[in-house]
Protein chains: 2
Amino acid sequence: MLAEFRQAEILAAARRVFSKRGYEAATLDEIAAAAGLAKGTLYLYFDNKEAIFWEAVRERLLGLRRRAREVMAQAPDVPARLRAAIAVRCELMRTDAEFMRIYLTEFGHLCAHPTRFRKNFRELYLEMAHDLAAVVEQGMREGALRPGPPLETALMLALMVRDVFTSRFLGLFEEQSDPEQFIFDLFWRGVRNHAAPAAGGS
Amino acid sequence: MLAEFRQAEILAAARRVFSKRGYEAATLDEIAAAAGLAKGTLYLYFDNKEAIFWEAVRERLLGLRRRAREVMAQAPDVPARLRAAIAVRCELMRTDAEFMRIYLTEFGHLCAHPTRFRKNFRELYLEMAHDLAAVVEQGMREGALRPGPPLETALMLALMVRDVFTSRFLGLFEEQSDPEQFIFDLFWRGVRNHAAPAAGGS
DNA sequence: GCATAAAATGACTGGCCGGTCAGTTCATTG
DNA sequence: CAATGAACTGACCGGCCAGTCATTTTATGC
């Protein structure tokens with residue numbers, strides 16, 4: 001119980017440091033200092049650096065998945081669900097700048113290199129994509145979306161959110177623009193069945 | 001002249017190693033060995049590891065920009081230009097798997113951390129985005145595309161190509177699907193002015 | 001206030017790697 | 001066949017850092 005609290009403290013500190021320096025450049029001494037502990041203490045709670053990183057990411061992804069399922073379940077129809085899926089992701093990016101930075105900068109490594117956590121990450125990420133794909137599939141069944149590969153389409157939506165926030169790193173999509181609306185506009189028009197009567201989008 | 005050839009050899013070797021191991025994990029000894037040289041020799045041609053990496057990336061980005069401008073200039077209308085922009089990017093991703101891996105995995109770091117080459121990368125990347133944005137703007141002026149922020153829209157197109165190939169790292173978009181068509185379908189429907197008569201897309 | 005355990009510490013180690021440079025090889029030229 | 005210099009080499013250095021563990025500090029129970 002104290003242990004869990006300590007763990008959470010360490011993970012919070014880890015996110016702070018990983019976000020500032022990137023996975024490779026971050027040192028355990030830094031993370032320990034940020035948590036107000038000594039390096040050795042970290043090893044009482046986690047196996048190694050990799051485990052700390054993965055847990056720090058996993059915690060947030062699990063939270064995102066839970067919230068995404070909730071809001072999608074509450075939305076009345078397919079376009080509203082897609083909108084909700086976008087909103088919850090944008091919300092996370094806006095409210096947790098530290099996680100955002102980690103997610104955006106380390107995503108490539110998480111996907112590409114056969115580290116121990118690549119498998120874990122892939123698995124969790126695909127679960128979220130499948131949640132979204134179920135909505136896309138429903139839309140196609142109902143005729144609101146034009147036919148296409150549901151999983152690939154769902155994945156594109158998730159990645160588009162990442163893209164917008166990545167772009168901010170390059171100095172675009174400044175405050176003036178509304179990422180949520182921009183993504184929904186582009187994606188919804190892109191996938192909806194223009195022959196069918198419009199339901200939720202413009 | 002010999003020097004240029006050597007440089008190119010080193011950059012090719014560097015791309016091979018960086019793509020296999022990632023920027024941080026790649027060592028100069030490895031790159032030198034891959035080029036059939038000793039580590040010290042690298043320093044006769046480049047200042048340091050960072051410079052090798054940047055040159056290896058830059059070479060390809062410049063080539064991409066040149067080709068993209070060519071094919072876009074030859075295309076007859078806006079949708080054809082967008083299609084060409086997608087095609088030339090997919091082409092690069094397909095033919096140069098090494099560059100693709102580097103681009104996908106290190107992009108986040110290139111964007112996020114204030115390294116020496118972040119500035120260079122950003123500059124070159126935005127130049128390419130502006131090339132595309134000019135086409136988007138033309139489409140909006142002509143009425144084929146609905147109004148919107150041209151640069152952000154252009155950037156999304158470029159990032160969507162990256163997304164599709166990123167997805168391949170996660171085990172999707174396998175051989176069966178045609179990335180080029182998928183992206184064009186989604187993007188073109190997403191941006192075109194549905195009130196206006198359709199020009200190039202479905 | 002003592003005994004015992006639980007939690008935390010931080011100096012230390014072993015390995016790694018970017019970068020250096022004194023020395024070697026090789027090609028060219030007179 | 002020197003003599004010259006350009007190209008190349010690789011052992012070495014200094015610094016860094018993940019992970020360890022003997023020791024110290026703090027908490028708990030009696």
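Within every chain, numbering begins at 1; the chains are lettered A, B, ... in the order of the sequence lines, protein sequences first and strands thereafter.
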Asks: What nucleotide among D/dT9, D/dA18, C/dG10 has an atom nearest to a side-chain atom of A/A38?
Replies: C/dG10

Asks: With under 30° as parallel and over 60° as perpendicular, where do the rings of A/H109 and B/H109 fit, or are they tilted in between?
Replies: tilted

Asks: Quick check on DNA chain C: between B/T41 and A/L42, whose nearest nucleotide comes earlier from the 5' end?
Replies: A/L42

Asks: Can you tell which of C/dA11, C/dG19, C/dA7 lies closest to the side chain of B/Y43?
Replies: C/dG19

Asks: What is the ring orientation for B/Y23 with B/F117, classed by angle as parallel under 30°, tilted 30 to 60°, or perpendicular over 60°?
Replies: perpendicular

Asks: What's the CZ-C1' distance between B/F46 and C/dG19, to the nearest Å?
Replies: 16 Å

Asks: What I'd like to find out is whether the side chain of A/F169 reaches to under 4.5 Å of the side chain of A/R101, using heavy atoms alone.
Replies: yes

Asks: Ring centres under 6.0 Å, that's the criterion: do A/Y125 and A/F107 meet it?
Replies: yes

Asks: In this structure, how many angstroms lie between the P atom of D/dC17 and the CG atom of A/N48, rounded?
Replies: 17 Å

Asks: From the options D/dT9, D/dA11, D/dG19, select the nucleotide whose nearest atom is closest to the side chain of A/K39.
Replies: D/dG19

Asks: Give a yes-or-no answer on whether the side chains of A/R81 and A/Q138 include a donor-acceptor pair shorter than 3.5 Å.
Replies: yes

Asks: Quick one: B/K49 NZ to D/dG15 P, roughly how many Å, whole number?
Replies: 19 Å

Asks: Which residue in the set B/E106, B/E98, B/E59, B/E55 passes salt bridge (charged side-chain N to carboxylate O under 4.0 Å, His left out) when paired with B/R15?
Replies: B/E59

Asks: Return the residues of residues 16-28 of chain A meeting this criterion: a heavy atom under 4.0 Å from some atom of DNA chain D. Order them by number, or give none.
Replies: A/A26, A/T27, A/L28

Asks: Less than 4.5 Å apart, any side-chain heavy atom of A/H113 and any of A/R118?
Replies: no

Asks: Distance check needed: D/dA7 P versus B/E9 CD, whole Å only.
Replies: 14 Å

Asks: Could you check how far OH of A/Y45 sits from C1' of C/dA7, rounded to whole Å?
Replies: 6 Å

Asks: Return the value, rounded to whole Å, for the distance between atom CG of B/L37 and atom C1' of D/dA6.
Replies: 15 Å

Asks: Measure from CG on A/D29 to P on D/dC16 and round the result to the nearest Å.
Replies: 12 Å

Asks: Output the rounded distance in Å from CD (A/E30) to P (D/dC17).
Replies: 8 Å

